[in-house]
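All chains are named by letter (A, B, ...) in the order of the sequence lines, taking the proteins before the strands, and each is independently numbered beginning at 1. Remember, it's a predicted structure, so these values are computed and weren't measured experimentally.
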2 protein chains.
Amino acid sequence: MDPNPIGFQHHDHSHCVADAVAAADRSCREAGLQLTPVRKRALEILLEEHRALGAYDVLARLAEDGFGSQPPVAYRALDFLTKHGFVHKIEKLNAFIACAHPGELHTPAFLICTTCQAVAEAETDPSHSLLANIAETTGFRISRAVLEAEGTCPNCLASEKR
Amino acid sequence: MDPNPIGFQHHDHSHCVADAVAAADRSCREAGLQLTPVRKRALEILLEEHRALGAYDVLARLAEDGFGSQPPVAYRALDFLTKHGFVHKIEKLNAFIACAHPGELHTPAFLICTTCQAVAEAETDPSHSLLANIAETTGFRISRAVLEAEGTCPNCLASEKR
DNA sequence: CCCGAGACGTAATAACATAACATGCACCAG
DNA sequence: CTGGTGCATGTTATGTTATTACGTCTCGGG
Ligand SMILES: [Zn+2]
Ligand SMILES: [Zn+2]
Ligand SMILES: [Zn+2]
Ligand SMILES: [Zn+2]
């Protein structure tokens, strides 16, 4: 079990938080959005952890840093970040995770390891999407899709075999 | 992918509840599972409604019928039904719905209309599954997948245009 | 008869999420 | 400058979803 997986590999974590926050900052400025202190801090928290956190986990850290301590503080920040694509909600876990591919418009797919709790965000090809095909044949117009899979990550599979 | 979502068409509802319950009964007997009165009634409730119900909605109806009135009563019945494929949980809605294609082993995909609340269950072709491909390239072993899309159903699209 | 597994019931609590309302501040029209 | 509007933030209170813990009953095998 491995505390720092992006995807399921280790990586040097030192710069990615700052980089991602800077990118979000830029992106918000361009779009006329306000990446306020709470929102920015919430994003940082998720990036630092690099895993799925519950809203109350985020809230506790925000409160430590002097922000409000009531649920709406966290939920509002997370709503903003989710709405604008900087963060995704993992429905299966009722938890939030920083987007691993921000900027691009995408429908993420998540792989959730039930052994080590790691969550990887995979890119999907929208044109080949299963759901897109279904939608086409049924006449349904999709606005948002959720793709999540629970299972065992490569690392934990390897450990099992030993 | 086999597109047969019974979700967005009207259909004669009179026999499908009894049929589905009978099928579940048979299936449980074969598998050595106990489809006890609470469990059977919970399944009936979901079939009768033919839509996604929250656990507490199911619980209220079970209580009306003389079963226990505390949350675990509903959650245990729903866990059983979900575990054995008679019912699916819609993660986006925190709600449960009777399986529209019971018996077959399948990974369902759900189309959720945000206008009329209808939920359709579509079959997916496991071999073309997006997630299966991702899993293959990353070495992740999938045990359960969640595929859900929010949007507008054909009926509501038609109404919009008028 | 005794035992263990599993189904069911209750009480209590945890975990997740939103409603409703008040304050402060930037911005702009008058 | 001033009043008003929009929006972000904060708080209190409450609503919704889910689980833990524990006692009872029943059914079968030894
Ligand atoms: Zn993403
Ligand atoms: Zn793992
Ligand atoms: Zn199904
Ligand atoms: Zn509809």
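Straight-line distance from the CG atom of B:Leu62 to the C1' atom of C:dC8: 12 Å, rounded to whole Å. For B:Phe96 and D:dT16, the CZ to C1' distance is 13 Å, given to the nearest whole Å. In this structure, the CG atom of B:Asp65 is 16 Å from the C1' atom of C:dC8, given to the nearest Å. Taking atom CG of residue B:Leu81 and atom P of nucleotide C:dA7, one finds them 12 Å apart after rounding to whole Å. Look at CG on B:Leu53: it is 14 Å from C1' on D:dT17, rounded to the nearest Å. One interatomic measurement links the two molecules: CG of B:Leu35 to P of C:dC8, which rounds to 10 Å at whole-angstrom precision. In this entry the distance linking CZ of A:Phe80 with C1' of D:dA8 reads 11 Å, nearest Å. Regarding A:Lys83, its NZ atom lies at a distance of 10 Å from the P atom of D:dC7, rounded to whole Å.
In terms of phosphate contacts, A:Tyr75 brings a side-chain nitrogen or oxygen within less than 4.0 Å of OP1 or OP2 of C:dA17. Close to D:dT17, at under 4.0 Å from its OP1 or OP2, lies no side-chain N or O of B:Lys89. Phosphate proximity of C:dA11 to B:Gln70: present, with a side-chain N or O under 4.0 Å from OP1 or OP2. Within the structure, every side-chain polar atom (N or O) of A:Asn94 is placed at least 4.0 Å from both OP1 and OP2 of C:dA15.
Using a 4.0 Å heavy-atom distance criterion, B:Arg76 is classed as a base contact.
Stacking between B:Tyr56 and the base of D:dT16 is absent under the criterion of ring centres within 5.5 Å and planes under 30 degrees.
When atom types are taken as modelled, the side chain of B:Thr114 and the backbone of B:Gly151 share a donor-acceptor pair closer than 3.5 angstrom. Although no hydrogens or angles enter the test, the distance criterion places a donor-acceptor pair under 3.5 Å between the side chain of A:Thr82 and the main chain of A:Leu78.
Taking every side-chain heavy atom of A:Ala55 into account, C:dA17 is the closest of D:dT9, C:dA19, C:dA17. Closest to the B:Val73 side chain, of the nucleotides D:dT9, C:dT10, C:dA7, is C:dT10. Side-chain proximity of B:Pro71 to C:dC8, D:dA18, D:dT11: nearest is D:dA18. Side-chain proximity of B:Gln34 to the nucleotides C:dT10, D:dT11, C:dA7 is greatest for C:dA7. The listed nucleotides are D:dG10, C:dT10, D:dT17; the one nearest the side chain of B:Ser69 is C:dT10.
By the 4.5 Å side-chain criterion applied to Ile, Leu, Val, Met, Phe, Trp and Tyr, B:Leu157 is assigned to no cluster and stands alone.
Under the 6.0 Å cut-off for aromatic ring centres, B:His88 and B:His101 do not qualify, their centroids lying 6.0 Å or more apart.
The two residues B:Lys89 and B:Glu148 come nearest to each other via the heavy atoms O-OE2, 3.9 Å.
In this structure, A:Pro72 and B:Glu91 both approach DNA chain D, and ranking their closest nucleotides by distance from the 5' end singles out A:Pro72.
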